[in-house]
Visitor: 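First, the structure itself, so that you have it in front of you.
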Amino acid sequence: MISEKDFIQNNYTASVESGNFEWSAPSNIALVKYWGKKDKQIPANPSISFTLNNCKTITKLGFTKKENDGNFSFNLLFEGQPKEDFKPKIQKFFERIFEYCPYLKDFHFTIDTQNTFPHSSGIASSASGMAALAMNIMSLEKVLNPTISEEYFFQKASFLARLGSGSACRSVKGSVVVWGNHAEISGSSDLFGVEFPSTIHNNFKNYQDTILLVDKGEKQVSSTVGHDLMFGHPFAEKRFSQAHHNLSSIKNVLESGDVEQFIKIVESEALTLHAMMMTSMPYFILMKPNTLEIINKIWKFRNETQTPVCFTLDAGANVHVLYPENVKEKVLQFIKGELVGYCQNGQYICDEIGLGALMI
Ligand code: PMV
């Protein structure tokens with residue numbers, strides 16, 4: 001089994017003066033949710049997600065050799081403008097990964113980043129952002145140590161991304177990714193995300209995700225605080241074992257193409273995630289009245305038309321509407337006709353399953 005120590009290398013034999021890389025990395029949407037973590041971003045339960053295609057972060061990393069004075073040195077640009085308030089997060093990320101990337105203090109970096117989705121859309125950019133940065137860092141590592149394999153490159157990128165933001169480790173690869181040890185998923189690990197190892201049924205190829213932007217404001221409770229509230233949570237142990245069970249079930253569903261069962265697991269997972277928030281101490285609610293309006297409309301539409309459409313939720317009020325590609329026209333018509341009115345400024349984003357991070 002791969003351990004943390006495998007990501008510590010000493011053979012950085014090559015040298016480089018300056019250069020730059022550019023990577024894009026997508027967001028992802030969990031089907032079985034990660035909620036609760038142990039020390040060092042180790043998940044309390046395994047999770048599985050669809051990698052998205054259109055919602056992504058594009059990050060350019062410029063680097064110039066400097067004297068190793070024991071400090072990290074970097075500038076940060078967001079959409080071309082200096083962004084001081086993002087810097088502490090990057091500083092913390094560098095500190096966390098330094099053990100695994102000792103070359104980070106040998107360079108001055110310029111991190112130039114932008115998202116394809118609207119700023120403050122309520123879509124978390126930490127997953128795509130940390131994944132894009134981790135890919136760039138691994139490109140630099142590959143220059144310094146050209147012997148690393150492609151497998152190691154992607155595994156370590158996911159490992160580093162996880163240390164930035166847990167779910168970011170699921171944004172490196174596509175199209176379905178598992179993160180966290182699970183008895184039935186070969187190669188699964190708490191340390192990094194792995195591609196779902198079985199063949200995915202055609203029903204789930206090109207699955208669609210339309211993200212309804214219900215509330216674009218800042219979350220009242222960050223996911224870091226939310227994860228922490230699973231410590232001593234009265235339902236924690238039951239929830240963690242339920243996630244293992246749901247991952248076993250969804251594995252069969254993705255192999256067999258059983259969309260009806262998929263809907264049950266995915267919606268139950270979304271509501272369980274929010275139930276955990278409502279039953280922690282202190283308790284909190286991230287859904288908004290319009291989140292519930294949308295859920296009820298989806299249920300009504302599904303009952304009346306037998307269209308296999310369902311919802312899932314992140315740690316926020318926005319609704320991800322999931323459906324197979326062959327009902328796209330019908331569902332988009334439904335969304336435009338009946339759901340857009342519940343979105344802030346009528347905004348929604350059409351996305352679908354994607355392939356993971358790409359070098360530009
Ligand atoms: O990666 P974090 O710490 O932002 O946590 C994300 C947690 C959820 O989005 C709610 C669920 C998940 O598995 O992505």
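For ligands, and for the atoms within them, numbers begin at 1 and follow the listed sequence.
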Visitor: Using 30° and 60° as the class boundaries, would you call the ring planes of Y100 and F159 parallel, tilted or perpendicular?
Guide: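 Aromatic pair Y100/F159 classed perpendicular.
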Visitor: Side chain, backbone, both or neither: which part of K37 comes within less than 4.0 Å of ligand 1 when only heavy atoms are counted?
Guide: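 Answer for K37: neither.
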Visitor: Looking only at distances, please establish whether an N/O atom of ligand 1 is found under 3.5 Å from an N/O atom of W35.
Guide: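 Between W35 and ligand 1, no N or O pair is found under 3.5 Å apart.
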Visitor: Consider every N or O of R170 and every N or O of ligand 1, then say whether any pair is closer than 3.5 Å.
Guide: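 Indeed, backbone or side chain, R170 has an N or O that close.
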Visitor: Report yes if some N/O of S47 lies less than 3.5 Å from some N/O of ligand 1; otherwise report no.
Guide: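 N/O-N/O distance under 3.5 Å: no.
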Visitor: Check each atom of ligand 1 against the heavy atoms of A30 and keep those under 4.0 Å away; list them by number with element.
Guide: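 Those qualifying, in numeric order: 12 (C), 13 (O), 14 (O).
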Visitor: Would you mind running through ligand 1 and noting each atom that sits below 4.0 Å from a heavy atom of A315?
Guide: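 Every atom of ligand 1 under 4.0 Å from some heavy atom of A315: 10 (C).
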Visitor: Which ligand 1 atoms, with their elements, are less than 4.0 angstrom from a heavy-atom of H227?
Guide: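 So the atoms of ligand 1 that pass are 2 (P), 3 (O), 5 (O).
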Visitor: Within this structure, what is the CG-CG distance for the pair L355 and L52, rounded to the nearest 0.5 Å?
Guide: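 Reported value, rounded in 0.5 Å steps: 11.5 Å.
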Visitor: Once you restrict to heavy atoms under 4.0 Å, what part of I29 touches ligand 1? Side chain, backbone, both or neither.
Guide: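 The answer is neither.
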Visitor: Apply the side chain to side chain contact (heavy atoms under 4.5 Å, CB included) test between F204 and each candidate in N206, N202, I200; give the one that qualifies.
Guide: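 Checked N206, N202, I200 against F204; only one passes side chain to side chain contact (heavy atoms under 4.5 Å, CB included): I200.
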Visitor: Quick one, S24 with K56, criterion side-chain hydrogen bond (donor to acceptor under 3.5 Å, both in side chains). Give me CA distance, side-chain angles, the key distance, then yes/no.
Guide: CA-CA 7 Å; S24 75; K56 48 191 180 190; 4.6 Å; no
Visitor: Below a 4.0 angstrom heavy-atom separation, can you tell me which part of S167, side chain or backbone, both or neither, approaches ligand 1?
Guide: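 The part of S167 near ligand 1 is both the backbone and the side chain.
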Visitor: Can you tell me how far the CG atom of L163 sits from the NZ atom of K92, to the nearest 0.5 Å?
Guide: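 Here the rounded value is 11.5 Å.
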Visitor: Decide side-chain hydrogen bond (donor to acceptor under 3.5 Å, both in side chains) for Q114 and E79; before the verdict, give the C-alpha distance in whole Å, the side-chain angles of both, and the deciding distance to 0.1 Å.
Guide: CA-CA 5 Å; Q114 64 191 83; E79 291 174 352; over 6 Å; no
Visitor: Quick check: does S126 get an N/O under 3.5 Å from an N/O on ligand 1?
Guide: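 No; every N/O pair is 3.5 Å or more apart.
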Visitor: Can you list the steps and then say if T113 with T59 is a side-chain hydrogen bond (donor to acceptor under 3.5 Å, both in side chains)?
Guide: CA-CA 4 Å; T113 190; T59 300; 2.8 Å; yes
